[in-house]
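In what follows, every heavy atom counts, from backbone to side chain, and hydrogens, waters and symmetry copies are set aside. Each chain gets a letter, A, B and so on, in the order the sequences are listed, and its residues count up from 1.
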Amino acid sequence: MPHPSSTELATSQWITLLAAGMLVVQMLMVVQRMLLTNIRLFAIQSLLLTGIAAIIASFYHAPEVFLVALLTLLGKVVFLPRLLSRLVRRIGIHQEIEPMLNSTASMFLCGALTLLGYIVARPFTSFARLGNNTLGIAITLLLIGLFLMFNRRKAITQVLALLTIENGVMLAAIALSSYGMPLVVELGVFFDVVVGVMVLGILVYRIRESFASMDVGKLTTLKG
Amino acid sequence: MNSPELFIHIVLLLGLAPLVSGCIRNWKAKLQNRRGPPVWQPYLDLEKFFRKDMVISENASWLFRAVPFVLFSSTILAGLLVPLISVAAPLSMFGGVLALVGLLALGRFFLALGGLDPGSAFGGMGSSREMTLSAIAEPALMLAVFTVAIGARSTDLSQMLMAAQGPTWKLFNPAHVLAFAALFIVLLAETGRIPVDNPATHLELTMIHEAMILEYSGRYLALIEWSASIKQLVLMALLVNIFFPVGIAPIQSSAGALGFSLACLLAKLMALGAAVVLVETTNAKLRLFRVPDLLSAAFILAALALLSTFLFQ
Amino acid sequence: MNAHSPVFLLKLALCLYAAGIGSALLAVRRDKLANLLGFGSATVAALCGIWAAILALTASAADQVASFTLWPSFVPYIELKVRFDALGAFFVLIVSVLALALSVYAFGYVRGFYGRKSVGVLAAFYNALLLATTLVFTASNAFFFLIAWEIMALTAYCLVSFEHEQAEARNAGVLYFVMSHAGTGCLILGFLLLFQTSHNYDFASFRALGAALSPGTRNAAFILFLLGFGVKAGIVPLHVWLPVAHPVAPSNISALLSGVLIKTGIYGLTRVLFDFLSPVPNWWGVTVLTIGTISAVLGVLYALMEHDLKRLLAYHSIENIGIILMGLGAALMFLHTHHPVLATLALIAGLYHTINHAIFKALLFLGAGAVLHSAHTRNMEEMGGLIKRMPKTAFCFLVGAVAISALPPLNGFISEWLTYQSLLQGFRSTESLVRLMFPLSGAMLALTGALAAACFVKAFGITFLAQPRSEHAAKAHEASPTMVGGMGILVAACAFLGLFPTTFLQLFDPLTAQLTGQTLSAQLSLHGAVFPVLRNAQDLEAVSSTYVPSGSVSTLGLAFVGVGLVVSLLLVLKLVWSRKTKVTAGPTWDCGSKGLTPQMEYTATGFSKPIRMIFKALFRPHREVQREYDYSPYFARTLHFESHIEEAFVARLYRPLNRRILRWSLRIRGLQAGSIQAYLIYIFITLVLLLIFAL
């Protein structure tokens, strides 16, 4: 392992700080009960991710990573949160999320998931390259995102959870490969998610229209 | 320990504490488009309380009279363990952060007994809530403190500060950021700030600290109010000095260095006070049984801080 | 023999306890005489015991550890051998200090039994219990140990059911009896396992086992000893007998049960784990630390739910055993990772808490006994206002409450400080993930301490403060001088252990030299110019030149400055303001409501309600409200409220187990044919099977 230079150390420190911030925001999403605040938190998380991507891009002078950062900024910080909050306002749903597990228990579970994420990531963690040590956080984001998906009943919150999972994937991509995945793959994932969310948004609207509720539990009544 | 240092420290604790409370109160009013009391109002309050006659409940025992003194001196003792303007706290040899937590707990223990002594239902309610919330805040506090102590390899506050100023310390170490966040929540809980308690209200259903001291009057009330603001100052100084050890004078500095250090301390306290004001203004008070959620969030933050001490080595 | 030899004094103490039994029984018809003789000889015996223990613990290392045979035995393998080594001496010190305070207390306390119960029998059992406990701590042969252990358990059983006219005491006695014997069964099996390899029941031979023991045997022995001693110590989930049995005994006996008897479990674990079974695998330490943490948190949570003063104290014993085990568990983990110095620190923390808990818990039980004596109830909801009628008792109880809540400057703070320090240092002792356990246990210890403070605000506040809640409480009277004297001894001990820890630490040196080969008192204590400072070093393992204290505390210094602050404050107030203001007594303001009655005061149940709500997933409180009304539900005519909590372990573990055992027993009952032939056939079959097995 080459000895890291001092600028590299400082940069790495900023990256870990931002990654830790993403984790904290994720935790806040777990305890936060208000839907709109949740969407805002997601925007903040994406902003932090943008920051990480931008730092890496400027450090390695990689314009394609800049592109990714820009897309994240436009898509996940500006566009999707707006879309979602407009959806929430338009269908006028009840603001409060009703999780299955209470927030204290979820917090402790997420603490355990963080530990798990760290243990899983440990063999792959090295300090040879910038941001590699954030892999543990990326995996944790993934795990907590999955937990959020099944802990919440409303379809729109599941969309949100899916988006945080995507944030985790993106972070993992940055952490693992030389500087992000090949651009094509990255863009593919990105547009996939955007389109997916839009489709889901429409679907949510339809579910709401048909069942007067967003509880995905109601979908069970569809089977004959 | 030398006596001039001890004396200066005590004077700082006694003198600065009401100012910090006054600033927070004033700024809060400003932020809410009110004029608010002047920043030196707490001094005037204290002065007035000291001049007032006292009425003591017939049900109360000697313990009721002892409580203000125990509380006041244990709070000052706790303050003497925390470095304010010099890296060395006057009594740093006599105990570190564990003793600090213990002394604050001692004061709280007696204050809660003082709440029960006159036999009013409000006092009991306040004591019960205070002890409950502090019990739940304690693990978060301890875990966050542990995280910092592990990094500094000492529970001695002066040592922790020196480690913080040392070369290995990083300003935006994730562990420290998380621990700071946890301790900030604990600070709000311990000083009875808005999401947890409302210092401005006397509505019995919401109050905690005010309910406990309902029966106190005159100079006893003054002592209790003064200790409450000293405790706030001590906790705030702990936070700013451990996490932002900028400008603190090393051991045996000149008077000029100490003055600069004092200015730094004031600036940092004001910044933290502004943060408290912001939180108080933008949040509503939580229902009592939602507070544990907040404090468990603080606990998890502290646990994450601990985890990240070796997550990022 | 030299009068200053520890062994001589120990023998003297044993003889005096025996004399106490005899004289109390002889004077059984004359209560006063039995009181004087029985408790008098126990007092003197206790003094001898203290002296002996201190001599043994301050003796220089070169001195031979004395051993002697109590009685020649003609049975092979069984030797009634007594060995007064440092570990035993430390626990003899604990039992003797308590015996001294309790005996002094008993002079006044047992007067309440005159004419009602036989004081002679009580005194005899009391002496027998002390005798047996002292022998448990000094026995040096497994058989002898078990005999003393059983005598101890049986006399304790008799004392628990001393007031046997009450069904509660009888049931508690039976529960204690059953659990205790299940534990003894485990111990017997454990010792037999060791015997398989050592072929001798002498403790010295167990000690010599070392690596000769196979890992399987070693682990099995660990589990058996943990269960056996754990029952006695009251670890969760083996604790269910403790809060039932301890409160029903007379209060000085409760103090002995909670102060010393459960410590025999700690003694046994220390003896076996540190003395016999080393080297230890890692999972032992992890297990002990986990059990300790769980016991501490659950113990204090259940204690908070109690409003029976003595049951509350009994639950706190579970909590404190947990704290002690945290120290011991950490010490085991350090031994595994080859950090003998850290292990010593953790061991000292655990054992320091052992003696501290013995002292303040006994003090609290004695205070509760004095309250019970004069208010005739154990229910806190019927007390209140006692601080005015029993000021001395109230003061002593307050000291105990501050000490048990681990508040400075008393002794509880010192031992928890040491525990925190060892847990903190533990984080750096290993690279494996297990190290996360140290700070997390530390956080749980913080939770425990804060909850204990809440619990004792409740216990002291509801019992002693505000207005009396019942007739009895209003007519309460101060305890007799000897009772106060007994408590006073313990108050002094609390203060000494809290303010002069470095003096006391020196007594640990021979003990730790014996168990871990290290002595730490010199490194831990720093005699500053005026105040002894207890300190803890970072990198204890490193060379002494890089010795930087990683934390220091001086309770005496804090207390001194604190008193100085109070005095100067009083002076300032007196000079500046007091003359101009006047103090009047008036009714409680209570936000302006008039006519405050004791019924409007906060109750013990109400005080702990927030905790009950927050931890309701654990407590699962059962609550029932019935209201009767005439025309509108808002104006109830009568209101009936019932709320109670059943321990999860009783409901989920013991009750099903009990049912299953009863079902099996019913099935097995078929074997009880009632004919002698059948029984003979059973014996015959067993014999044949055993012979085949022996082939």
Side-chain angles (χ1 to χ4, degrees), chain B residues 50-59 61 63 69 72-74 76-77 91 93-96 98-99 102-103 105-106 109 112-113 116-122 124-125 127-129 131-132 134-136 138-139 141-143 146 149-150 153-156 204 214-215 218-219 288-289 292 306, chain C residues 387-388 402 405-408 413 417 420-421 424 427 439 442-444 446-447 449-451 453-454 457 460-461 465-467 528 533 538 549-554 557-558 561-562 565-566 569 573 577 580-591 596 600-602 606-607 610-611 613-614:
Chain B
F50 272 117
R51 275 190 291 111
K52 287 272 184 187
D53 293 345
M54 280 197 291
V55 184
I56 289 180
S57 163
E58 289 153 347
N59 298 336
S61 61
L63 195 74
F69 296 98
F72 193 73
S73 54
S74 70
I76 293 206
L77 267 183
L91 294 189
M93 195 62 179
F94 285 174
L98 297 175
L103 285 168
L106 180 73
F109 185 87
L113 286 181
L116 280 168
D117 202 14
S120 82
F122 294 117
M125 187 183 68
S127 304
S128 158
R129 290 176 176 179
M131 294 314 285
T132 304
S134 69
I136 303 174
E138 198 91 341
L141 169 67
M142 226 27 141
L143 206 55
F146 266 20
I150 285 170
R153 323 195 79 179
S154 174
T155 54
D156 189 303
E204 61 269 21
L214 213 52
E215 299 298 327
R219 55 179 182 271
L288 185 66
F289 290 105
L306 184 75
Chain C
I387 193 171
K388 284 169 217 120
V402 171
S405 309
L407 299 174
F413 174 72
W417 188 87
Y420 277 126
Q421 289 289 350
L424 201 60
F427 193 77
M444 288 303 111
L447 177 66
L451 286 174
V457 166
F460 185 82
L465 300 181
Q467 295 184 60
V533 172
Q538 85 173 45
S550 78
S552 55
V553 74
S554 167
L558 289 177
V561 179
L565 282 171
V566 170
L569 188 63
L573 284 184
W577 281 293
K580 291 178 207 154
T581 61
K582 66 176 191 291
V583 181
T584 43
T588 299
W589 177 52
D590 199 22
C591 283
L596 190 71
M600 294 154 72
E601 286 165 14
Y602 231 55
F607 192 91
I611 305 267
M613 298 273 289
I614 291 167

Give a yes-or-no answer on whether the side chains of Gln421(C) and Thr155(B) include a donor-acceptor pair shorter than 3.5 Å. yes

Going through the distances and angles, do Phe72(B) and Leu569(C) end up as a side-chain contact (heavy atoms from CB on, under 4.5 Å)? CA-CA 9 Å; Phe72(B) 193 73; Leu569(C) 188 63; 3.5 Å; yes

CZ on Phe427(C) to CD1 on Ile150(B), rounded to 0.5 Å: 4.5 Å

Hits for side chain to side chain contact (heavy atoms under 4.5 Å, CB included) against Ala99(B), two or more places apart or cross-chain, chain-then-number order -> Leu81(B), Phe413(C), Val553(C), Leu558(C)

Met131(B) versus Val457(C), closest heavy-atom pair with distance: CE-CG2, 3.7 Å

Ser552(C) side chain to Met93(B) main-chain N or O, any donor-acceptor pair under 3.5 Å? yes

Option that, when pairs with chain C are counted at under 4.5 Å, heavy atom only, ranks first among Glu215(B), Glu138(B), Met142(B): Glu215(B)

As a quick check of understanding, evaluate side-chain contact (heavy atoms from CB on, under 4.5 Å) for Val561(C) and Leu77(B), giving each step before the final call. CA-CA 8 Å; Val561(C) 179; Leu77(B) 267 183; 3.7 Å; yes

Show your working on side-chain contact (heavy atoms from CB on, under 4.5 Å) between Leu573(C) and Phe50(B) and close with a plain yes or no. CA-CA 9 Å; Leu573(C) 284 184; Phe50(B) 272 117; 3.6 Å; yes

Any donor-acceptor N/O pair, Asp53(B) side chain to Lys582(C) backbone, under 3.5 Å: yes

I need the Leu143(B) CG to Met444(C) CE distance, nearest 0.5 Å. 8.0 Å

Scanning both residues in full, the closest heavy-atom pair of Ser61(B) with Leu465(C) reads OG-CD2, 3.9 Å

Does Lys388(C) have more than 12 heavy atoms from other residues, nucleotides or ligands lying within 6.0 Å of its NZ? yes

Ignoring hydrogens and angles, tell me if any N or O in the side chain of Ser554(C) forms a donor-acceptor pair with the backbone of Phe94(B) under 3.5 Å. no

Which atom of Leu451(C) lies closest to which atom of Ala135(B), heavy atoms considered: CD2-CB, 3.6 Å

Looking at Asp590(C), Ile614(C), Leu565(C), which has the largest count of heavy-atom pairs under 4.5 Å with chain B? Asp590(C)

Just give me the residue among Gly119(B), Ala149(B), Pro292(B) that pairs up with chain C most often, heavy atom to heavy atom, under 4.5 Å. Gly119(B)

Please report the shortest heavy-atom distance between Ser128(B) and Gly606(C), naming the atom on each side. OG-O, 4.1 Å

Trp589(C) side, atom CH2; Leu214(B) side, atom CG - distance, nearest 0.5 Å: 5.0 Å

If you count heavy-atom pairs under 4.5 Å with chain B, which of Leu424(C), Val566(C), Val402(C) comes out on top? Leu424(C)

So, for Leu106(B) and Leu407(C), which heavy atoms are closest and what is the spacing to 0.1 Å? N-CD2, 3.6 Å

Between Ser74(B), Ala121(B), Gly96(B), the one whose heavy-atom pairs under 4.5 Å with chain C are most numerous: Ala121(B)

To the nearest 0.5 Å, how far apart are OG1 in Thr132(B) and CE in Met613(C)? 11.0 Å

Does any backbone or side-chain atom of Phe289(B) lie under 4.5 Å from a heavy atom of chain C? Answer side chain, backbone, both or neither. side chain

Contacts of Leu288(B) meeting side chain to side chain contact (heavy atoms under 4.5 Å, CB included) (sequence neighbours excluded), chain-then-number -> Arg129(B), Leu133(B), Ile208(B)

Closest heavy-atom pair and its distance - Pro118(B), Leu596(C): O-CD2, 4.0 Å

Glu58(B) backbone acceptor or donor facing Thr588(C) side chain under 3.5 Å: no

